[in-house]
Structures are given as structure tokens and as C-alpha cells.
Amino acid sequence: MKKMLLATGNSGKLREVKEMLAGSRIQILPQALLGVHEIAESGASFLENALLKARHAARQTGMDAIADDSGLEVDVLHGAPGVYSARYAGPHASDADNLSKLLRDLVSVPMAQRTARFRCVLVCVHGANDPAPLICEGVWEGCILDAPRGNNGFGYDPVFLPAEHAYSAAELAPAEKNRLSHRGQALRRLVARLTCASD
Ligand code: ITT
């Protein structure tokens, strides 16, 4: 069993990654368990922020670290909230604050123009100064509903209608979300590469 640190303070991400790795050869340890504090996400891209988080956690603990930087890109908002998804309604915004702001910003936008996608960039570093981190990405296409639906998931899930479904991401069973989602895609790619590397 390989132990790896997951550099996130987001309990929704942690739950999904743990669910998806159950039964694999990778055991995830949350950064809070090892006393790693969150750092400012000052990068301009998902990749820069994911590397900042993973390198910081690896530096603090000496462990291999995985980090996820992800967000929602809404076409009519020119890709916003994007890397600012967690802080869309302000620096200390809750999921509910961010979701309400998004619905307000789209209030007069017809359904056909509400196309959007979730993007996830997952990185894995072998030590803080790893010069060749593993980088995997996943993208989940859909559109933004005009009102929240469902209680599963986290973040913007209640207003995200996947292109291939009649249910919002928050109405999907967790296993179905993981099968389709940006994070599920990126994590399966990462696991395949980690498994190759260790064989
Ligand atoms: P960490 O940086 O500690 O991992 P965070 O919540 O700050 O936690 P990000 O900076 O990557 O994470 O921001 C991601 C935001 O994008 C997250 O807070 C949600 O609002 C949104 N998001 C990402 N993946 C999502 C998903 O699967 N479902 C719903 N919203 C998601």
C-alpha cells in the first residue's frame, strides 16, 4: 500500500478521492492530519495552483503529495469563475454564497447560452522539488441550471447539469458523479500513471 498526502482543505474533494481510491494500492492521508495548513492560491492557472499546493504539502511533510485545483468555467462569463471558483463571491465565501452569485450573474441568460464545464488539474509530486511532476486533467461538460437541484456533492453541483444527464450533479449518486466527473477522469489517469511508474 502506498501512502500519499492529499493537499486539500476541501472535504468534498477529499471524500470523492477517497471513494475512488478505495480498493486501490494508494492510501490517501488528508493534509490536516499531518498538520499542513492551506496556502494562498496565487497562481493564474489551475496547474500553477495545484503545483503550489502539492509542493507546499510535500515540503512540510517530506511525503509524496497529490493536489487538485479545479473549478467551473461558464462560457457566457468568459470562463469565470475559473480559478476563482472557491472565492467567486469573496475571499471567505461559502459554497452557498458562490452559487447564489452565479445564479444572479446568469439571471437573464437563456438556457442555450448557459454552457459550462468543470475542469480539474491533478498533480502528484515526489518531494517538494520534483522537476517532473505527474499532471493529469479532466473536463466535464454541461450547463448551468436556473435553480439548485439535489443535495449530494458540494460546491456548484446543485446547479450543474451534465451534458449526458437529466439530473444535476448534486442529484447523481456519488459513484455516478465519480464515473463522469472532471475529478474522476483526472484521478483515473493519475492512478494509471502511478501504477505504471511503480510496476
Ligand atoms: P483546496 O484548494 O484546499 O483543494 P478549494 O475548495 O479551495 O480546496 P479549489 O481552489 O480547487 O479548491 O477550488 C475549487 C472550487 O471549484 C470548489 O471550492 C468548488 O466551488 C468548485 N468545484 C470544483 N470541483 C467541483 C465539483 O466536483 N463539484 C462542485 N464544485 C466544484
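Indexing begins at 1, ligand by ligand and atom by atom, following the structure's order.
To the nearest 0.5 Å, atom CD of residue Gln60 and atom CZ of residue Arg55 are 15.0 Å apart.
Side-chain N/O atoms of Asp95 and Tyr156 include no donor and acceptor closer than 3.5 Å.
Checked against a 3.5 angstrom limit, the closest N/O atoms of Asp95 and ligand 1 fall outside it. Backbone and side-chain nitrogen or oxygen atoms of Asp157 are examined, and one is located within less than 3.5 angstrom of a nitrogen or oxygen of ligand 1. At a 3.5 angstrom cut-off on N or O pairs, Gly155 does not count as close to ligand 1. Taking distance alone, with nitrogen or oxygen atoms compared against 3.5 Å, Lys53 approaches ligand 1 more closely than that limit.
Of the protein's non-hydrogen atoms, Ser70 O, 3.0 Å is the one closest to atom 14 (C) of ligand 1. The nearest heavy-atom contact from the protein to atom 31 (C) of ligand 1 is Phe118 CE2, 3.5 Å. Among protein heavy atoms, atom 3 (O) of ligand 1 sits closest to Gly9 N, 2.7 Å. The nearest heavy-atom contact from the protein to atom 8 (O) of ligand 1 is Asn10 CB, 3.3 Å. Atom 18 (O) of ligand 1 has its closest protein heavy atom at Ala86 CB, 3.5 Å. Glu41 OE2, 3.5 Å is the protein heavy atom nearest to atom 7 (O) of ligand 1. Residue, atom and distance of the protein heavy atom nearest to atom 16 (O) of ligand 1 are Ser85 CB, 3.3 Å. Of the protein's non-hydrogen atoms, Tyr156 CE1, 3.2 Å is the one closest to atom 20 (O) of ligand 1.
Note on Leu5 and Val125: separate hydrophobic clusters, where clusters join Ile, Leu, Val, Met, Phe, Trp and Tyr whose side-chain heavy atoms are under 4.5 Å apart, directly or indirectly. At a threshold of 4.5 Å between side-chain heavy atoms, the hydrophobic network of Ile, Leu, Val, Met, Phe, Trp and Tyr places Val121 and Val83 in one connected group. Under the 4.5 Å side-chain contact rule for hydrophobic residues, Leu29 and Leu21 do not share a cluster. Both Ile144 and Val109 belong to a single network of hydrophobic side chains, linked directly or stepwise wherever heavy atoms of I, L, V, M, F, W or Y lie under 4.5 Å apart.
Judged by the shortest distance from any of its heavy atoms, Gly153 lies outside the 4.0 Å radius around the atoms of ligand 1. Heavy-atom separations between Asp69 and ligand 1 include at least one value shorter than 4.0 Å. Not a single heavy atom of Arg87 sits less than 4.0 Å from an atom of ligand 1.
In this structure, Asp64 and Lys2 have side chains that are in contact, with non-hydrogen atoms separated by less than 4.5 Å. A heavy-atom distance below 4.5 Å is not found between the side chains of Phe46 and Val123. The closest side-chain heavy-atom distance from Gln31 to Thr8 is not below 4.5 Å.
By the criterion of a heavy-atom distance under 4.0 Å, both the backbone and the side chain of Phe154 are placed next to ligand 1.
Here is the list of ligand 1 atoms found below 4.0 Å of a heavy atom in Thr8: 1 (P), 3 (O), 4 (O), 8 (O). Of all atoms in ligand 1, listed by their number and element, those nearer than 4.0 Å to a heavy atom of Gly71 are 16 (O).
Ring planes of His182 and Trp140: parallel class, angle under 30° (limits at 30 and 60°).
For atom 26 (C) of ligand 1, the nearest non-hydrogen atom from the set Lys177, Glu16, Lys13 comes from Lys177.
Between Asp68 and the options Arg119, Lys53, Arg183, a salt bridge (Lys or Arg N to Asp or Glu O under 4.0 Å) holds for only Arg183.
Within 6.0 Å of NE2 in His126 there are 12 or fewer heavy atoms belonging to other residues, nucleotides or ligands.
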